[in-house]
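These notes are about the structure you will find just below.
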Amino acid sequence: MSNGISIIEVRDLTKKFGHFTAVNNICFSIAKGEILGFLGPNGAGKTTTIKMINGLLKITSGQVLIKGMDAEKNRREIKKIVGYMSQKFSLYPLLNSLENVEFFGGISGLNKSRIREKQKEIEASVSLPILKQKVADIPPGIKQKVALFVCLMTDPEIIFLDEPTSGVDPEVRRSFWSEIYRLKKEGKTILVSTHNLDEVEYADRMLIIHQGNIILEGEPDALLKKHNKDSIETLFKDAILDSEGTVETKT
Ligand code: ADP
Ligand code: MG
């Protein structure tokens, strides 16, 4: 557990789809200003957890508190302070990037002149011809950049990024992570999910989730030392093997 003040508290959170338990009674917290890496293989329950925290999926049981507010009861308030970038980047593929900025700016309550400012801002880092291309036709790295930009348009203090680096090349990943550090310097709190083992070392703290259960939690270096492992890869594999021996079978 981190020593900082928790900005997010997840308590006994469970999601069942019929008889299948996708997220099994998990608890964790995120401190203000922290980068939390949420690591787990495909199907582990990362997206389901992030969606429940963001009020996009109904909680089966348990509770999420964001700055002390119950996430289910205070969705409106919470929406104002949270940014969420979904796994599929969630831009409209048939609109171009500038139109996406306009659309999402509009639904987030930005006025016309603010939207124009935001469009100018992205024009400074992505070339205009690309910004005018349908999102469906632009490279994944640019799509990710635009999606992150859209997610940050309202200057949220808490940011959820669900597998933001899947499908993008190593160079794009590096520039993505420098952007994450810039956000941290601004005091933002960030949860980043990934299934790339090499990425969690960038996080202040990591959670490993497997089959809906959190099986390991801590600072990457401290965990390596504590479990006497020389790489995140061995730590991860062994944690999964151990959990399969000990975690209760789901119904
Ligand atoms: P991750 O994001 O870690 O890859 P998910 O949270 O998407 O994992 O999925 C966790 C598990 O829940 C998977 O087994 C997935 O098939 C299942 N699941 C996700 N959404 C649904 C749904 N709407 N209905 C039934 N099962 C689902
Ligand atoms: Mg997912």
Side-chain angles (χ1 to χ4, degrees), residues 8-30 35-64 66 71-72 75 82-91 93 140-141 143-144 147-148 150-151 158-169 172-173 176-177 180 190-203 205-218 220 223 232-233 235-244 247-251:
I8 295 172
E9 285 272 345
V10 171
R11 296 182 179 162
D12 306 321
L13 191 65
T14 293
K15 179 66 191 180
K16 292 190 180 189
F17 294 109
H19 293 296
F20 174 70
T21 306
V23 173
N24 188 17
N25 216 32
I26 63 170
C27 298
F28 64 92
S29 58
I30 311 181
I35 302 176
L36 182 74
F38 197 27
L39 178 71
N42 281 330
K46 302 181 295 296
T47 298
T48 305
T49 302
I50 295 171
K51 283 190 171 169
M52 282 193 284
I53 297 174
N54 281 278
L56 300 166
L57 203 55
K58 201 167 161 26
I59 291 172
T60 304
S61 61
Q63 192 184 31
V64 175
I66 298 184
E72 282 189 306
R75 279 194 63 186
V82 165
Y84 162 68
M85 178 170 153
S86 82
Q87 191 166 357
K88 296 186 185 95
F89 299 168
S90 62
L91 298 170
K143 214 182 283 183
Q144 180 228 46
L148 182 61
V150 164
C151 161
I158 306 169
I159 303 159
F160 293 92
L161 305 169
D162 194 5
E163 301 220 18
T165 53
S166 60
V168 301
D169 64 43
V172 175
R173 266 187 209 175
F176 171 83
W177 275 99
I180 297 298
I190 304 153
L191 180 148
V192 187
S193 80
T194 182
H195 62 257
N196 296 315
L197 298 173
D198 55 336
E199 281 188 326
V200 286
E201 281 175 273
Y202 297 128
R205 201 158 52 93
M206 67 176 190
L207 287 183
I208 298 182
I209 182 168
H210 177 52
Q211 296 178 347
N213 296 280
I214 290 174
I215 57 171
L216 210 57
E217 174 179 1
L223 283 174
I232 295 284
E233 196 173 354
L235 180 73
F236 178 76
K237 280 188 186 148
D238 292 351
I240 285 184
L241 288 175
D242 287 352
S243 77
E244 286 175 350
V247 166
E248 284 173 50
T249 313
K250 284 180 234 168
T251 51

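In each ligand, atom 1 is the first atom listed, and ligand 1 is the first ligand listed. In this text the structure is predicted, and so the values were computed from the model without any measurement.
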Subset of ligand 1 atoms that lie under 4.0 Å from at least one heavy atom of Thr48: 5 (P), 6 (O), 9 (O), 10 (C)

Closest approach of any protein heavy atom to atom 17 (C) of ligand 1, naming residue and atom: Phe20 CE2, 3.8 Å

Where ligand 1 meets Asn42 - atom numbers and elements under 4.0 angstrom, heavy-atom basis: 4 (O)

Heavy-atom side-chain contact between Tyr202 and Ile180 under 4.5 Å: no

Exercise: identify the closest heavy-atom pair between His210 and Ile215: CB-CD1, 3.7 Å

Which residue and heavy atom of the protein sit nearest atom 7 (O) of ligand 1, plus the separation: Thr47 CB, 3.7 Å

Distance filter under 4.0 Å to Ala22 heavy atoms, resulting ligand 1 atoms: 11 (C), 12 (O)

Protein heavy-atom partner closest to atom 8 (O) of ligand 1 - residue, atom, separation in Å: Gly45 N, 3.2 Å

For atom 11 (C) of ligand 1, closest protein heavy-atom neighbour: Gly43 O, 3.6 Å

Proximity to ligand 1 by part of Ser193, non-hydrogen separation under 4.0 Å: neither

Protein contact of atom 26 (N) of ligand 1 - nearest heavy atom, named by residue and atom, plus distance: Phe17 CD1, 3.4 Å

Within 6.0 Å of NZ in Lys15, more than 12 heavy atoms from elsewhere: yes

Heteroatom distance test (Thr49, ligand 1): nitrogen or oxygen, under 3.5 angstrom: no

Atoms of ligand 1, numbered as shown, that sit under 4.0 Å from any heavy atom of Pro41: 3 (O)

Polar proximity ligand 1 side, Ala44 side, N/O cut 3.5 Å exclusive: yes

